[in-house]
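Here's the structure we're looking at; comments come further down.
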Amino acid sequence: GDSVTQMEGPVTLSEEAFLTINCTYTATGYPSLFWYVQYPGEGLQLLLKATKADDKGSNKGFEATYRKETTSFHLEKGSVQVSDSAVYFCAPYFSGSARQLTFGSGTQLTVLP
Amino acid sequence: EPEVTQTPSHQVTQMGQEVILRCVPISNHLYFYWYRQILGQKVEFLVSFYNNEISEKSEIFDDQFSVERPDGSNFTLKIRSTKLEDSAMYFCASSGVRGGAEQYFGPGTRLTVT
């Protein structure tokens, strides 16, 4: 069935380090792909999205590319800041039998000054 | 910028009591959702709602749960007889015309069942 696998955390980086959080999915069709971020004590915010193969979503310096061949949507940022400390969720929207956002397990990112 | 709002921000209730969580989706959205997040765990889908009826629901959404859009603006989640394991953060979300479009989440209601 449709599913998502997200890199386990927690991840701790120094400021200005490069960030990658891996996300892969299994789907019978072609899902829309989303990354959501949850800052401490807050709700879920849409970070970026991609709706078809080779699309690149970007926002606030974060990027992710929809890779159909590897069924992946890895989140990257070239230089993280302390303010990026949060939990990041990969969330495909599967359009098959269960039309819903399916959240990955979440990756806790801590950026140290 | 339009946003989804939820009330209350925190609800404490005793086991067996009924609770109603309220949400005001973005005004021109047509699809509405409830999710929950048990502390430290992943976000789980509960139910989606479109055109005044449930579109999809998960296994979690059993007979103890119900949703309603009582007027043109509110979207509610009712738990008839709360259990300890219902303690979680409950998020409401809404999306535009297409069900697969991005969903915008409210800040959540933390439900504590004692």
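Sequence lines set the chain letters: A, B, ... in the order given, protein chains first and strands last, and positions in each chain run from 1. Since we're looking at a predicted model, the values are computed, not measured.
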Same cluster or not: [X] versus [Y], using hydrophobic residues (I, L, V, M, F, W, Y) connected whenever any side-chain heavy atoms lie under 4.5 Å apart?
{"X": "B:Leu111", "Y": "B:Val43", "answer": "no"}
{"X": "B:Tyr50", "Y": "B:Phe61", "answer": "no"}
{"X": "B:Val47", "Y": "B:Phe91", "answer": "no"}
{"X": "B:Ile54", "Y": "B:Phe32", "answer": "yes"}
{"X": "A:Val4", "Y": "A:Val11", "answer": "no"}

Tell me, side chain or backbone of B:Glu44 under 4.5 Å from chain A's heavy atoms, or both, or neither?
neither
Other residues, nucleotides, ligands: >12 heavy atoms within 6.0 Å of [X] [atom1]:
{"X": "B:Glu85", "atom1": "CD", "answer": "yes"}
{"X": "B:Asp62", "atom1": "CG", "answer": "yes"}
{"X": "B:Phe65", "atom1": "CZ", "answer": "yes"}
{"X": "B:Leu84", "atom1": "CG", "answer": "yes"}

Portion of A:Leu46 that has a non-hydrogen atom of chain B nearer than 4.5 angstrom
side chain
Of the backbone (N, CA, C, O) and the side chain (C-beta and beyond), which part of A:Gln38 lies under 4.5 Å from a heavy atom of chain B, both, or neither?
side chain
Taking B:Tyr35 as the fixed residue, which of A:Tyr36, A:Phe103, A:Phe89 is the one that meets the ring pair (Phe, Tyr, Trp, His ring centres under 6.0 Å) rule?
A:Phe103
If contact means a heavy atom pair closer than 4.5 Å, which residues of residues 17-26 of chain B contact chain A?
none
Taking 4.5 Å as the heavy-atom cut-off, does anything in residues 64-72 of chain A contact chain B, and if so which residues?
none
Heavy-atom nearest pair, A:Leu44 first then B:Phe105, reads O-CB, 3.4 Å
Atom pair CD (B:Glu3) and CD (A:Gln45), whose distance is rounded to the nearest 0.5 Å:
10.5 Å
